[in-house]
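No experiment lies behind these values; they were computed from the predicted model shown. Values below: all heavy atoms of this structure, side chains included; hydrogens, waters and symmetry mates excluded.
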Amino acid sequence: MQRHLISAADLTRDDAVLILDTAEEMARVADRPIKKLPTLRGRTVVNLFFEDSTRTRISFEAAEKRLSADVINFTAKGSSVSKGESLKDTAQTLEAMGVDAVVIRHGASGAPYRLATSGWIDAHVINAGDGTHQHPTQALLDAFTMRRRLVGRDAGLGQDLSGRRITIVGDVLHSRVARSNVDLLHTLGAEVTLVAPPTLLPVGVETWPCEVSYDLDSTLTKSDAVMMLRVQRERMNAAFFPTEREYSRRYGLDGDRMARMPEHAIVMHPGPMVRGMEITAEVADSDRCTVIEQVTNGVSIRMAVLYLLLGGNEPAVAHPSPTTALATRRSAPTSELRTTEEK
């Protein structure tokens, strides 16, 4: 693991599998009566959110608190940012307070990278979404969900997604989730296909490590997972398709289309969903839809990332017992960790 997590493209296969395997260990904590580990006790983590967020912010906060970190939540509204304070001044203020890690979401692509490399702050930086650029922990939780559903919770340990066919449908142009997933899924060996109208595909998409299609129906029958993306109207400054009805007719997932998917295939969505637009209520509420499961897995993934970046050289559990033994060191193989717990 590197010092920061800025982009899914920065992760090697071994990095990604290590995070996924560590997340499996962290997921066991959620099954305990007391969902708490002392790993980050005494560490201070700031959630620096310049954009609105529900799932990501709460997920990070839950992960930090379950690892016993001291958490500070920062939102641009109601702060000195609304008075004109720059990112540099905000970062230097946090540095003066001695924070250990910053989880940042920003509307400007590249802001987390700037924060991590500028020298303004000597803390770990985790990208929680920057503009239309990257959202690496979302891609990791999506891959974690796919591996659990398509390979198996125990069988998936140490495994990647080689040979799996993933279809990503919708507003790719404005989606940091699509970019992150293409990078990470390619690293994990999956075959990715993007499906969208030409107006919602970015310039240069032909250079991405994936296939591109304009026909959703032709890709469904061979997909192991179909990920629907929300049309991000808040980032649009032009008309990218004639009407919502036409978009839904051509690129929306309904019950009939879901029935054409292989029996084992799953439906995913990073949220928030717009029911009746890219996905119908029938599909969203079906057993094949993993939206709620993704939210649950997001906490485990973010616990794993925080643990590996901040606490990987410290015992995760001070006094191992049959119910509390977890990873002891960042470099320890996951199989060894499981053996310790089983003892």
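- A donor-acceptor contact shorter than 3.5 Å is absent between the side chain of Ser175 and the backbone of Val172.
- Checked by atom type and distance alone, the side chain of Ser118 pairs as donor or acceptor with a backbone atom of Arg114 at under 3.5 Å.
- In terms of heavy-atom proximity, Val45 sits nearest to Leu310 at CG2-CD1, 4.0 Å.
- Among residues two or more places apart in sequence or in another chain, the ring pair (Phe, Tyr, Trp, His ring centres under 6.0 Å) test is passed with His106 by Phe50.
- Between Val17 and Gln159 the shortest side-chain heavy-atom distance does not fall below 4.5 Å.
- In terms of the side-chain contact (heavy atoms from CB on, under 4.5 Å) criterion, residue partners of His133 (sequence neighbours excluded) are, by chain and number, Ser109, Asp130.
- In plain terms, the two heavy atoms of Thr90 and Leu48 that are nearest each other are CG2-CD1, 3.9 Å.
- Using a distance-only test at 3.5 Å, with no hydrogens or angles considered, a donor-acceptor pair links the side chain of Ser248 to the main chain of Met277.
- At a cut-off of 3.5 Å, with distance as the only test, a side-chain donor of Asn73 or Glu61 sits close to an acceptor on the other residue.
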List, one per line, each side-chain donor-acceptor pair under 3.5 Å for residues 261-274, sequence neighbours excluded.
from   : atom 1 : to     : atom 2 : distance (Å)
His264 : NE2    : Asp224 : OD1    : 2.5
His269 : ND1    : Gly271 : N      : 2.9
His269 : NE2    : Glu278 : OE2    : 2.7

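- Counting only heavy atoms from C-beta outward, the side chains of Tyr247 and Leu200 approach each other to under 4.5 Å.
- Lys88 NZ: 12 or fewer foreign heavy atoms inside a 6.0 Å radius.
- A 4.5 Å side-chain heavy-atom check between Ile72 and Thr44 finds at least one atom pair inside the cut-off.
- In this structure, a donor-acceptor pair under 3.5 Å is absent between the side chains of Asp183 and Ser180.
- Across every non-hydrogen atom of Arg179 and Trp208, the tightest pair is CG-CH2, 3.4 Å.
- Here the CE atom belonging to Met146 is positioned 8.5 Å from the CG atom belonging to Leu184, to the nearest 0.5 angstrom.
- The closest side-chain heavy-atom distance from Ile104 to Val125 is below 4.5 Å.
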Please test Glu95 against Val99 for side-chain contact (heavy atoms from CB on, under 4.5 Å), starting from the C-alpha separation and ending with a verdict.
CA-CA 6 Å; Glu95 173 66 15; Val99 304; 5.6 Å; no
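- Taking OG1 of Thr219 as the reference point, atom CG of Leu194 lies at 10.5 Å (rounded to 0.5 Å).
- Side-chain atoms of Ser86 and Asp89 include a donor-acceptor pair closer than 3.5 Å.
- Taking both residues in full, the closest heavy atoms of Pro136 and Ala8 are given as CB-N, 3.8 Å, listed atom of the first, atom of the second, then distance.
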Evaluate the criterion side-chain hydrogen bond (donor to acceptor under 3.5 Å, both in side chains) for residue pair Asp15 and Thr12; output intermediate values, then yes/no.
CA-CA 5 Å; Asp15 288 337; Thr12 65; 3.1 Å; yes
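- Looking only at side-chain heavy atoms (C-beta outward), Leu20 and Glu24 stay at 4.5 Å or farther from each other.
- For Phe60, the ring pair (Phe, Tyr, Trp, His ring centres under 6.0 Å) test picks out no residue, with sequence neighbours left out.
- Judged purely by distance below 3.5 Å, without hydrogens or angles, the side chains of Thr137 and Arg302 pair a donor atom with an acceptor atom.
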For the pair Arg275 and Asp285, evaluate salt bridge (Lys or Arg N to Asp or Glu O under 4.0 Å) and give the outcome as yes or no after the intermediate values.
CA-CA 10 Å; Arg275 293 175 181 241; Asp285 295 330; 3.0 Å; yes
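- Under the 4.5 Å side-chain criterion, counting only non-hydrogen atoms from C-beta, Asp10 is in contact with Gln2.
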Please lay out, stage by stage, how Lys65 and Lys36 fare under the test side-chain contact (heavy atoms from CB on, under 4.5 Å).
CA-CA 8 Å; Lys65 289 182 175 179; Lys36 201 86 165 177; 4.3 Å; yes
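- Ser218 contributes a side-chain N or O that, together with a main-chain N or O of Asp215, makes up a donor-acceptor pair within less than 3.5 Å.
- Between Ile126 and Leu306, some side-chain heavy-atom pair lies under the 4.5 Å cut-off.
- Put simply, Val71 and Ile58 are part of two different groups of oily side chains (I, L, V, M, F, W, Y) that touch within less than 4.5 Å, one to the next.
- In this structure Glu211 satisfies the side-chain contact (heavy atoms from CB on, under 4.5 Å) test together with Thr193, sequence neighbours excluded.
- Here CZ of Arg149 is found 4.5 Å from CD of Glu293. Values are rounded to the nearest 0.5 Å.
- In this structure, a donor-acceptor pair under 3.5 Å is present between the side chains of Glu64 and Asn47.
- Contact detail for Tyr251 and Arg257: the closest heavy-atom pair is N-NH1, 4.2 Å.
- The environment of CZ in Arg13 is crowded: more than 12 heavy-atom neighbours from other residues, nucleotides or ligands sit within 6.0 Å.
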Can you check side-chain contact (heavy atoms from CB on, under 4.5 Å) on Ile121 and Leu94, steps first, answer last?
CA-CA 8 Å; Ile121 190 169; Leu94 297 176; 4.1 Å; yes
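- Val212 and Val177 fall within the same hydrophobic cluster, defined by Ile, Leu, Val, Met, Phe, Trp and Tyr side-chain heavy atoms under 4.5 Å apart, directly or through other members.
- Side chain of Arg105 to main chain of Ala128: a donor-acceptor pair is present (N/O by atom type, distance under 3.5 Å, no hydrogens or angles).
- Partners of Tyr113 according to the ring pair (Phe, Tyr, Trp, His ring centres under 6.0 Å) rule, which considers only residues two or more places apart in sequence or in another chain, do not exist here.
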Could you go step by step and tell me if Asn127 and Leu5 meet the side-chain contact (heavy atoms from CB on, under 4.5 Å) rule?
CA-CA 6 Å; Asn127 183 2; Leu5 179 58; over 6 Å; no
Set out, in order, the CA-CA distance, both residues' side-chain angles and the distance that settles salt bridge (Lys or Arg N to Asp or Glu O under 4.0 Å) for Asp217 and Arg250, then state yes or no.
CA-CA 9 Å; Asp217 294 316; Arg250 295 199 60 184; over 6 Å; no
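- In this structure, CD1 on Ile301 lies 9.5 Å from CG on Asp142, to the nearest 0.5 angstrom.
- Glu282 has no carboxylate O lying under 4.0 Å from a charged side-chain N of Arg288, or vice versa, which leaves the two without a salt bridge.
- Gln294 and Thr145 share no donor-acceptor pair across their side chains, judged by distance under 3.5 Å alone.
- Considering every non-hydrogen atom in both Leu150 and Arg164, the closest pair reads O-NH2, 3.0 Å.
- No hydrogens or angles considered: a donor-acceptor pair under 3.5 Å links the side chains of Asp160 and Ser162.
- In this structure, CG in Asn181 is found 9.5 Å from CD in Gln134, a value given to the nearest 0.5 Å.
- Note that CG of Asp70 is 9.0 Å distant from CG of Asp100, once rounded to the nearest 0.5 Å.
- At least one side-chain heavy atom of Thr56 sits less than 4.5 Å from a side-chain heavy atom of His135.
- At distances below 3.5 Å, not a single donor-acceptor pair connects side-chain atoms of Arg260 with backbone N or O atoms of Leu220.
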